[in-house]
2 protein chains.
Amino acid sequence: MQERRTPDRRKQVTEAAALSFARFGYKGTTMDQVAKLARVGKGTIYTFYANKEELFDEIMNGLICDLRVVADETLNPSLPFADNLMNVLHRVLDYRDRHALAAKLSQEVRDIGTPHAKQGLEAVERALVGYIARHVKEASEKGEIRACDPELTAYMMLKMYLALTDDNHHSHPPLGKEEVLAHFRFYCIEGLAIR
Amino acid sequence: MQERRTPDRRKQVTEAAALSFARFGYKGTTMDQVAKLARVGKGTIYTFYANKEELFDEIMNGLICDLRVVADETLNPSLPFADNLMNVLHRVLDYRDRHALAAKLSQEVRDIGTPHAKQGLEAVERALVGYIARHVKEASEKGEIRACDPELTAYMMLKMYLALTDDNHHSHPPLGKEEVLAHFRFYCIEGLAIR
DNA sequence: GAAATGACCGAATTGTTATTTTGGTCAGTC
DNA sequence: GACTGACCAAAATAACAATTCGGTCATTTC
């Protein structure tokens, strides 16, 4: 526990870093900046984090935790697998896109391709695939869907969802939530085979 | 018809351009270079093509034609839809990857992101989706697969194939041709639903 | 006189050097 | 011994010079 007279330096640093990364991106955040925001000497940061990258990783882990909370809150055990999956994808990706940190990092990758920012976002994607994979495995064990490789299936599902919501495919106007759900069920769950 | 004493300037220019774009990429190809390769004054190029972009488009259309020929040659009407689709995707994408022009342009987009090169490759992708879409429509009318939006379905299929062959998904080693076919059929044609 | 040419032009790119900024350290303070 | 900020080498940026490139057009060629 922290007493009144001994402010928690680590917390100050971490919160300042989260703020700065979200506002200015990875490259735009300087250690001097973080120290000033945290009202802390620059050297103090290096007491808790070996370098800028480690500090960034801590912040990204925070984002990933937030996303898992959102996902778990969305999950409704009484719904069928496909509906749950779609709801989670919708909510999580929407949350991610609106989250200042993720949004800033995406822009940074697009505009200047900062490698660290790219790796950070990839870590988020891996976490998401892992989360889906666990639920795919569960659903497959429960007999809700056919047996399959959970990791690969989760990866494919994410890619399909992204393809469906990708407005880059010019010939189609962006699909609404219900349309996306219907198409996702059609392509991924039911399949194109005649039955 | 061209007589011996009046060489076909347009052909000279077009062939020189094809060679140069394939060897040096869009940015690396200069109009002076093309003129010299074609043994033609630079001004002559502008008699046939309004600018560099138009010349490039002509060359890209040639590539797209080549790809269609490859696709048509691969097509075997006596095979089921899924097999034909996989064979075409395999052959066409393999041909494309080995084609000097396409390979050079991909590298150029990766390394320096030349917008014109990117647009050129997107045109190839659109042509491929269009080609698949026509065959999806046909298969759906013949009752080989369920009714669906051909364009969207073609787009989804391409994305799924690319996801399956993408060795970027680190947790899996690159899949062999037979594995890709099996997984493609599993995810896209049959679906995950219990039957 | 139509077809073909290449010297020429401004814009854009590239090369070069000077200046500033940044991640990280560490001697010293409290 | 927790904490600080002046300090350093390396990397990023700015400023400027030099070159290259797409496109034009007056002139030449046939």
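We name chains A, B, ... by the order of the sequence lines, and we start the count at 1 in each one.
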Asks: Filter on salt bridge (Lys or Arg N to Asp or Glu O under 4.0 Å), then keep only pairs touching residues 147-176 of chain A, sequence neighbours left out; what's left?
Replies: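 Found none.
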
Asks: Under the salt bridge (Lys or Arg N to Asp or Glu O under 4.0 Å) definition, can you give me all pairs with a residue in residues 26-43 of chain A, not counting sequence neighbours?
Replies: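 Residue pairs with at least one partner in residues 26-43 of chain A: A:Asp32-A:Lys42.
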
Asks: With a strict under 4.0 Å distance from non-hydrogen atoms of chain B, what nucleotide opens and what nucleotide closes the contacted stretch of DNA chain C, reading 5' to 3'?
Replies: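 First-to-last contact on DNA chain C, by the 4.0 Å heavy-atom rule, is C:dA4 to C:dT14.
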
Asks: With sequence neighbours excluded, what pairs up with B:Thr30 under the side-chain hydrogen bond (donor to acceptor under 3.5 Å, both in side chains) test?
Replies: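 With sequence neighbours excluded, B:Thr30 shows a side-chain hydrogen bond (donor to acceptor under 3.5 Å, both in side chains) to no residue whatsoever.
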
Asks: Mind checking side-chain hydrogen bond (donor to acceptor under 3.5 Å, both in side chains) for B:Tyr187 and listing every partner two or more places apart, or none if nothing turns up?
Replies: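 For B:Tyr187 the side-chain hydrogen bond (donor to acceptor under 3.5 Å, both in side chains) partners, ignoring immediate neighbours, are A:Thr153.
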
Asks: Quick one: side-chain hydrogen bond (donor to acceptor under 3.5 Å, both in side chains) partners of A:Thr14, sequence neighbours excluded?
Replies: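 Testing A:Thr14 for side-chain hydrogen bond (donor to acceptor under 3.5 Å, both in side chains), a comparison that skips the adjacent residues, returns A:Tyr49.
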
Asks: The criterion is side-chain hydrogen bond (donor to acceptor under 3.5 Å, both in side chains); which residues satisfy it with B:Glu144, sequence neighbours excluded?
Replies: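 Not a single residue meets the side-chain hydrogen bond (donor to acceptor under 3.5 Å, both in side chains) criterion with B:Glu144.
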
Asks: Can you check each nucleotide of nucleotides 22-28 of chain D against protein heavy atoms at under 4.0 Å and return B for base, S for sugar-phosphate only, - for none, in 5' to 3' order?
Replies: BBBB---

Asks: Quick one: which residue pairs count as a salt bridge (Lys or Arg N to Asp or Glu O under 4.0 Å) with a foot in residues 118-140 of chain A, not counting sequence neighbours?
Replies: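 The answer is A:Lys137-A:Glu141, A:Glu138-A:Lys142.
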
Asks: Keeping to residues at least two apart or across chains, list the salt bridge (Lys or Arg N to Asp or Glu O under 4.0 Å) pairs with something in residues 94-110 of chain B.
Replies: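 Sorted pair list: B:Asp94-B:Arg98.
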
Asks: Would a 4.5 Å heavy-atom cut-off, applied to side chains only, mark B:Lys177 and B:Asn87 as touching?
Replies: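 They are in contact (side-chain heavy atoms under 4.5 Å apart), so the answer is yes.
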
Asks: I want to check one thing: is the phosphate of D:dC3, taken as OP1 and OP2, less than 4.0 Å away from some side-chain N or O of A:Arg9?
Replies: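 It does, given that an N or O in the side chain of A:Arg9 lies less than 4.0 Å from OP1 or OP2 of D:dC3.
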
Asks: Could you list the residues that satisfy salt bridge (Lys or Arg N to Asp or Glu O under 4.0 Å) with B:Asp83, not counting sequence neighbours?
Replies: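 Partners of B:Asp83 under the salt bridge (Lys or Arg N to Asp or Glu O under 4.0 Å) test: B:Arg185.
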
Asks: Taking CG from B:Leu55 and C1' from D:dC21, how many angstroms apart are they, rounded to a whole number?
Replies: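 It works out to 15 Å between those atoms.
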
Asks: Which residues, if any, of residues 113-123 of chain A bring a heavy atom under 4.0 Å of DNA chain C?
Replies: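 Heavy-atom contacts with DNA chain C come from no residue of residues 113-123 of chain A; none.
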
